[in-house]
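Notes for the one structure printed next.
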Amino acid sequence: MSTTAPTPRENWSVPEKPGLDGLEARWDAAWEEQGTYRFDRTADRDGVYSIDTPPPTVSGSLHVGHVFSYTHTDTIARYQRMRGKSVFYPMGWDDNGLPTERRVQNYYLVQCDPALPYDPDFVTPTPVSERSKDEQKAMPAHISRRNFIDLCNTLTAEDEKAFENLFRTLGLSVDWERTYATIDDRSRRVAQRAFLRNLQRGEAYQAEAPVLWDVDFQSAVAQAELEDRERDGAYHRLAFHGPDGDVFIETTRPELLPACVALVAHPDDERYQPLFGTTVRTPLFGVEVEVHPHPLADPEKGSGIAMICTFGDLTDVIWWRELQLPTRAIVTANGRLGTPDADAMTPEGLALYEAELAGKKIAGAQQRIVELLRESGELVGDPERITHPVKFYEKGDRPLEIITSRQWYLRNGGRDADLRAALLERGHELHWHPPHMRVRYENWVNGLNGDWLVSRQRFFGVSFPIWYPLDAEGLPVHDSPILADEASLPVDPATDVPPGYTEDQRDQPGGFTGDPDVMDTWATSSLTPQIATGWGEDPDLFERTFPMDLRPQAHEIIRTWLFSTAVRAHLEHDSLPWTNTAISGWVLDPDRKKMSKSKGNVVTPLDHLEQFGADAVRYWAASGRPGTDTAFDEGQLKVGRRLAIKLLNASRFALGLGGGDGAARATDLSLVTEPLDRAMLAELARLVDEATTAFDGYDYARALERTEAFFWDFCDQYLELVKGRAYGGRGDEAAWSAQAALQLSLSTLLRLFAPFLPFVTEEVWSWWQEGSVHTAPWPDASQLRDAAADGDPQAFEAAAEVLGAVRRAKTEAKRSLKWPVDSVVVTESTHRAAALQGVADDVREAANAASLTVEVGAEPGVAVALAPEPDPA
RNA sequence: GGGCGAUUGGCUCAGAUGGUUAGAGCGCUGCCUUCACACGGCAGAGGUCACAGGUUCGAGUCCUGUAUCGCCCACCA
């Protein structure tokens with residue numbers, strides 16, 4: 001059973017001079033007022049299409065990349081809506097975490113000091129950018145944690161407004177009544193509830209262990225947040241002293257010599273086999289360290305024997321753990337050398353260390369220890385300069401250190417083969433668009449080297465809903481944490497009191513203390529499906545929307561966001577969080593570099609929206625293939641704008657016929673009798689099939705490209721061919737056929753374009769149709785085929801070819817296109833000649849020809865005889 | 001080191017399961033102020049489909065290798 005085309009109104013109103021200006025504001029307001037994109041929660045799960053919209057980091061800048069990928073998702077949302085789904089399309093704001101903290105610090109020039117008490121009279125500072133030059137150079141003001149969080153909330157509220165404005169102008173069909181923020185109460189409640197359940201099922205645990213540590217942020221960071229950066233370094237050749245002579249190792253971290261706990265070489269390395277089990281003395285400090293064999297030691301690297309320090313890199317951690325070595329940590333949380341374990345050094349070594357190295361920053365310590373080693377003769381030769389990859393926190397400025405601390409972990413398969421296999425299987429269950437992106441997920445899962453470290457030593461984030469009892473000495477008993485009741489969530493353990501205690505017991509011996517940490521931002525973001533669908537908050541909504549249909553996101557955060565979300569849903573619901581994921585590419589600048597703020601090549605989208613209009617910007621974005629990086633091209637904006645204008649004008653023509661009296665011919669498809677009209681509709685039916693297939697496969701770009709190609713052909717060929725007849729040149733019935741075909745095709749084309757050009761299509765729709773084009777049904781090919789009946793696409797093709805030949809003849813003769821033609825003689829094959837015969841009158845009229853004859857022949861061709869120049873006399 | 005993707009006219013890109021003279025748009029050139037559109041229309045020039053082999057009657061399209069670019073991953077002392 002085919003759906004019929006929407007019925008036009010009785011009275012049409014086609015503007016004299018249609019334009020694009022102001023459409024965004026007008027229709028955004030109308031859609032808001034009419035609730036066009038409101039989620040209909042009476043729909044059951046099968047009738048719903050739910051989208052796990054990426055919450056943009058609101059502390060970041062508005063970026064053309066946002067426009068790009070959010071438009072892709074919006075085209076899918078609009079398509080699904082027109083297919084009759086109730087689209088659940090919320091918007092989240094990611095305002096939680098370090099980027100916000102850092103922005104607040106810089107914006108207001110403040111620093112959070114958790115030791116300070118809350119100041120209830122605190123006044124929001126003037127933004128730095130509005131201060132005088134002198135004031136800008138002032139030191140940051142120290143403020144309490146709660147005041148700091150207030151500032152974070154103030155600033156993110158402003159940022160969120162800017163984002164919403166951008167997205168509204170862009171025409172995202174988001175349900176703006178369904179927004180959330182990753183720091184709001186609901187998100188915090190969900191994050192804390194999920195964590196408590198992880199803890200109760202044994203999926204979350206705490207451990208005292210070496211962790212990667214950013215010395216500037218003074219926080220642990222997770223594997224997923226690392227990046228390698230090439231840095232200059234140098235191999236320093238150091239002499240260790242053994243009973244049978246010196247042993248030489250090479251190191252890029254000589255300042256960690258005081259933290260050296262052993263040497264290590266490959267078990268098969270004959271050069272060092274005699275040393276295994278013996279001890280050697282470290283340079284400068286004279287500490288006895290044992291020489292161990294271990295297969296991870298690479299005989300090819302350096303001198304083939306390495307010093308193990310606690311801790312220079314992740315390999316050190318493995319060796320330390322597997323060889324059960326002692327700990328001699330010297331790097332402190334703030335990136336300076338601290339006090340070593342006195343037992344681990346000779347008295348002379350300790351004295352040297354304290355006099356020369358203790359308290360120095362790492363770089364200074366390295367410089368000084370190299371001087372000392374040179375003086376003692378234990379540095380052999382000159383350091384050999386190299387560049388090598390060094391691990392950084394992706395948002396950090398200094399290399400990561402490894403220090404030992406107590407942290408919360410969440411199991412993610414990094415230490416558990418079964419869980420890892422289950423998560424790989426989830427990756428197979430998920431439908432990836434494009435499919436090859438799954439490999440990145442698998443690479444990541446297979447490369448995990450530990451569980452997910454979820455605690456951060458920061459302030460603006462979701463707290464752990466945990467307290468610890470304090471023993472008689474006032475020390476926390478970490479092994480018996482006090483958990484919050486689910487009903488009390490969200491809690492802030494710094495201000496809320498755990499069950500069974502009173503506030504006056506806080507931080508008192510025998511009392512309690514709150515867990516001071518906050519969760520990793522991904523610990524909240526990994527729950528966006530649960531947050532958006534009301535898990536544990538609104539069971540009815542959850543039932544109708546979870547697991548969600550689509551997760552759109554960028555490829556560089558497959559390892560973080562996509563993976564962590566899959567982990568949480570697997571643990572909590574034993575399911576995928578969504579059935580599809582659409583991975584968008586990046587926007588590149590014309591030099592094919594990824595656009596980024598630091599490179600200063602970011603194009604701001606607001607200017608382009610203003611200059612070219614939202615539909616044009618969306619056109620450019622939707623031309624980017626799924627998962628493909630796309631160069632920013634202002635030329636495409638012009639093309640998009642031209643398309644939108646063309647749509648206005650072609651519509652004005654199609655609807656303005658017959659005196660613009662609003663004769664709704666499209667309701668009576670039996671009116672379509674002319675072969676040309678039927679041929680065009682037959683091709684249009686094919687287009688609908690193609691666009692539908694493309695959209696079902698999440699290939700919005702293909703749907704757009706095909707629709708656009710058809711439309712230009714429609715304008716350039718069909719409209720010209722049909723014009724005379726549509727005006728009534730050959731009688732009412734012939735005109736009605738054209739008018740009905742025009743109305744049907746326009747209705748179809750507007751709906752095919754609606755996901756891409758929501759403003760101009762809605763504008764035209766409003767001239768002659770009831771309701772919104774965005775809630776109209778997606779075009780139905782079978783209805784078009786009914787109207788096309790015996791329509792032969794070849795008739796349209798042949799007509800266009802002949803018209804082209806006539807135009808060429810006129811152009812070559814430098815005549816205007818309306819120049820009269822005496823005769824056109826077409827020679828064609830039998831079938832094409834027959835097809836052409838049926839549309840000959842349309843072609844003759846469009847060519848302004850006195851006669852047109854079609855002959856059957858072996859040599860196809862078109863002979864055009866132009867009318868002669870009129871006699872000037 | 002492992003993997004993924006890309007390489008088509010000056011530029012930005014299409015070319016699904018291999019099949020007639022490789023397509024658009026921008027830019028360029030020329031013409032046309034035509035009653036939907038000068039925020040326009042019509043037409044034209046312009047391509048050894050990165051390179052080298054191979055499969056096939058036939059390859060931009062499949063296979064192998066090479067090069068360049070981008071990205072992801074990896075326990076680089």
Side-chain angles (χ1 to χ4, degrees), chain A residues 14 17-21 228 235 249-253 256 263-264 294-298 300-309 312-319 386 388-391 434 436-447 449 555-556 558-559 585-586 588 590 592-594 612-613 620 623-625 627-636 638-657 690 693-694 697 699 701-702 705-706 708-709 712 715-716 719-720 723 727 803-804 806-819 848:
Chain A
V14 181
K17 189 74 187 166
L20 297 177
D21 294 340
D228 285 350
Y235 281 129
I249 65 100
E250 292 191 356
T251 179
T252 55
R253 301 287 308 269
L256 294 180
L263 299 191
V264 64
H294 193 282
L296 273 186
D298 182 355
E300 303 295 314
K301 208 161 285 174
S303 57
I305 185 165
M307 73 170 182
I308 304 173
C309 304
D313 62 24
L314 292 172
T315 320
D316 279 347
V317 177
I318 294 171
W319 282 326
I386 55 157
H388 62 151
V390 177
K391 292 206 181 309
H436 69 255
M437 289 292 177
R438 194 185 72 226
V439 176
R440 299 189 179 214
Y441 175 89
E442 290 174 352
N443 275 345
W444 177 251
V445 177
N446 284 321
N449 59 24
H555 52 65
E556 84 275 18
I558 289 173
R559 67 172 182 172
W586 279 336
L588 307 173
R592 304 209 65 79
K593 299 277 173 14
K594 187 194 174 192
F612 297 97
W620 160 75
S623 302
R625 265 35 218 183
T628 305
D629 295 346
T630 300
F632 182 78
D633 181 9
E634 200 171 284
Q636 287 298 100
K638 288 187 201 158
V639 176
R641 185 174 174 82
R642 203 164 64 106
L643 175 62
I645 291 169
K646 192 77 174 178
L647 213 39
L648 286 177
N649 287 314
S651 302
R652 195 168 92 84
F653 165 70
L655 299 176
L657 294 163
E690 233 181 329
T693 304
D699 194 350
R702 188 182 180 85
E705 187 215 328
R706 295 308 155 110
E708 184 194 10
W712 283 110
C715 290
D716 295 343
L719 292 189
E720 294 304 324
K723 194 175 276 181
Y727 276 125
L803 183 60
V806 173
R807 283 167 170 168
R808 203 168 306 120
K810 290 181 182 177
T811 293
E812 277 163 12
K814 304 199 171 186
R815 300 299 187 197
S816 111
L817 288 178
K818 68 175 180 187
W819 189 265
N848 193 21

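Residue numbers begin at 1 in each chain, while the letters A, B, ... track the order of the sequences. Keep in mind that what you see is a predicted model, and the values were worked out from it rather than measured.
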Inset, instruction - Could you tell me whether the phosphate oxygens of A38(B), OP1 or OP2, come under 4.0 Å of any side-chain nitrogen or oxygen in Lys17(A)? - result: yes
Inset, instruction - Go through the structure and list residues passing side chain to side chain donor-acceptor pair (under 3.5 Å) with Trp620(A), not counting sequence neighbours. - result: none
Legend entry - With Arg702(A) via salt bridge (charged side-chain N to carboxylate O under 4.0 Å, His left out) - residues at least two apart: none
Legend entry - Base C37(B) to side chain Lys646(A), donor-acceptor N/O within 3.5 Å cut-off: yes
Inset, instruction - Looking only at side-chain atoms of Asp633(A), point me to the closest of U12(B), C73(B), A77(B). - result: U12(B)
Legend entry - Residues in side chain to side chain contact (heavy atoms under 4.5 Å, CB included) contact with Arg253(A), at least two apart in sequence or another chain: Thr251(A), Glu255(A), Leu256(A), Ile362(A), Glu401(A)
Inset, instruction - Assign Asn848(A) to base, sugar-phosphate, or nothing according to its heavy-atom contacts below 4.0 angstrom with the strands shown. - result: nothing
Inset, instruction - Could you work out the separation of U55(B) and U68(B) based on their C1' atoms and round it to a whole Å? - result: 27 Å
Legend entry - 5'-most by nearest nucleotide on RNA chain B - Leu803(A) or Cys715(A): Cys715(A)
Legend entry - Phosphate OP1/OP2 of C72(B): any His555(A) side-chain N/O under 4.0 Å: no
Inset, instruction - Give Gly304(A) one of three labels, base, sugar-phosphate or nothing, depending on what nucleic acid heavy atoms sit under 4.0 Å from its own. - result: base
Inset, instruction - Go through the structure and list residues passing side chain to side chain contact (heavy atoms under 4.5 Å, CB included) with Leu20(A), not counting sequence neighbours. - result: Leu23(A), Arg641(A), Ala644(A), Ile645(A), Leu648(A), Val760(A)
Inset, instruction - Name all residues meeting the salt bridge (charged side-chain N to carboxylate O under 4.0 Å, His left out) criterion together with Arg559(A); count only those two or more places apart in sequence or in a different chain, and write none if there are none. - result: Glu394(A)
Legend entry - C1' spacing across the pair C26(B) / C73(B), given as an integer number of angstrom: 38 Å
Legend entry - Lys723(A): partners by side chain to side chain contact (heavy atoms under 4.5 Å, CB included), with sequence neighbours left out: Phe653(A), Glu720(A), Tyr727(A)
Inset, instruction - Provide the distance between the two C1' atoms, one in C71(B) and one in G60(B), to the nearest whole Å. - result: 24 Å
Inset, instruction - Would you mind classifying the nucleic acid contact of Gly312(A) as base, sugar-phosphate or nothing, using non-hydrogen atoms under 4.0 angstrom? - result: nothing
Legend entry - Proximal nucleotide (of C42(B), C71(B), C73(B)) relative to the Arg440(A) side chain: C71(B)
Legend entry - Integer angstrom distance from the C1' of U34(B) to that of C42(B): 11 Å
Legend entry - Interatomic distance at C1', G2(B) relative to C49(B), whole Å: 30 Å
Inset, instruction - Give the rounded distance in Å between these two atoms: CG of Leu20(A) and P of C37(B). - result: 15 Å
Inset, instruction - Please state how far atom CG in Asp313(A) lies from atom C1' in C76(B), giving the value in whole angstrom units. - result: 8 Å
Inset, instruction - Return the nearest nucleotide to the side chain of Thr630(A); candidates are C26(B), C13(B), G41(B). - result: C13(B)
Inset, instruction - Using only side-chain N and O atoms of Arg808(A), determine if any of them is under 4.0 Å from OP1 or OP2 of G44(B). - result: yes
Legend entry - Check: Thr628(A) side chain, Gly624(A) main-chain N or O, donor-acceptor pair, under 3.5 Å: no
Legend entry - Ranges pairing with ranges for RNA chain B, where each run has three or more Watson-Crick or G-U pairs under 3.5 Å: B:1-7 with B:67-73, B:10-13 with B:23-26, B:28-32 with B:40-44, B:50-54 with B:62-66
Legend entry - Side chain to side chain, His555(A) and Asp629(A), heavy atoms closer than 4.5 Å: yes
Legend entry - Distance test, side-chain N/O of Asn443(A) to OP1/OP2 of A74(B), below 4.0 Å: no
Inset, instruction - Please state how far atom CG in Leu296(A) lies from atom P in C76(B), giving the value in whole angstrom units. - result: 9 Å
Inset, instruction - Remember a base hit wins even if backbone is also touched, and classify Trp712(A) as base, sugar-phosphate or nothing at under 4.0 Å, heavy atoms. - result: sugar-phosphate
Output one line per pair: protein atom, nucleotide atom from nucleotides 14-20 of chain B, and distance, for all N/O pairs under 3.5 Å.
| unit_1 | atom_1 | unit_2 | atom_2 | d |
| --- | --- | --- | --- | --- |
| A14(B) | O2' | Glu705(A) | OE1 | 2.5 |
| A14(B) | O2' | Glu705(A) | OE2 | 2.9 |

Inset, instruction - Just call it for Glu720(A): base, sugar-phosphate, or nothing, with non-hydrogen atoms closer than 4.0 Å on any strand. - result: base
Legend entry - Lys646(A) with Glu708(A): basic N within carboxylate O range, under 4.0 Å: no
Inset, instruction - Please name all residues satisfying salt bridge (charged side-chain N to carboxylate O under 4.0 Å, His left out) with Lys391(A), sequence neighbours left out, ordered by chain then number. - result: Asp228(A)
Legend entry - Nearest-nucleotide comparison on RNA chain B, the residue closer to the 5′ end among Asp21(A) and Gly635(A): Gly635(A)
Inset, instruction - Summarise how protein sits on nucleotides 27-33 of chain B as a single string, 5' to 3': B when a protein heavy atom is under 4.0 Å from the base, S for sugar-phosphate-only contact, - for no contact. - result: ---BSS-
Legend entry - Out of U12(B), G41(B), C71(B), whichever nucleotide has its closest atom nearest the side chain of Trp586(A): C71(B)
Inset, instruction - Applying salt bridge (charged side-chain N to carboxylate O under 4.0 Å, His left out), name anything that partners Glu812(A), two or more places apart in sequence or on another chain. - result: none
Inset, instruction - Using whole Å, report how far CG of Leu648(A) lies from C1' of A38(B). - result: 16 Å
Legend entry - A14(B) to A50(B) separation - P atoms, rounded to the nearest Å: 14 Å
Inset, instruction - Say whether, by atom type as modelled, one donor and one acceptor occur between the side chain of Lys810(A) and the main chain of Arg815(A) under 3.5 angstrom. - result: no
Legend entry - Protein-nucleotide distance (Leu643(A), atom CG; G40(B), atom C1'), rounded to Å: 14 Å
Inset, instruction - Rounded to whole angstrom, note down the C1' distance from A45(B) over to A38(B). - result: 24 Å
Inset, instruction - To the nearest Å, give me how far apart CG (Asn649(A)) and C1' (A38(B)) are. - result: 11 Å
Inset, instruction - Quick one: label Asp298(A) by what it contacts on the DNA or RNA (base, sugar-phosphate, nothing), any heavy atom closer than 4.0 Å. - result: base
Legend entry - Separation between the C1' atoms of U7(B) and U12(B), rounded to whole Å: 14 Å
Inset, instruction - State, to 0.1 Å, how close Ala650(A) and Leu719(A) come at their nearest heavy-atom pair, and which atoms those are. - result: CB-CD1, 4.0 Å
Inset, instruction - Whole angstrom is fine here: how far is it from CE in Met437(A) over to C1' in G3(B)? - result: 13 Å
Inset, instruction - To the nearest Å, give me how far apart CZ (Arg807(A)) and P (U34(B)) are. - result: 15 Å
Legend entry - Euclidean distance, Ile308(A) CD1 relative to Asp316(A) CG, rounded to 0.5 Å: 6.5 Å
Legend entry - side chain to side chain contact (heavy atoms under 4.5 Å, CB included) partners of His388(A), counting only residues at least two apart: Thr252(A), Ile386(A), Val390(A)
Inset, instruction - Would you classify Ala297(A) as touching base, sugar-phosphate or nothing, given that sugar-phosphate means primed atoms plus P, OP1 and OP2, and contacts are heavy atoms under 4.0 Å? - result: base
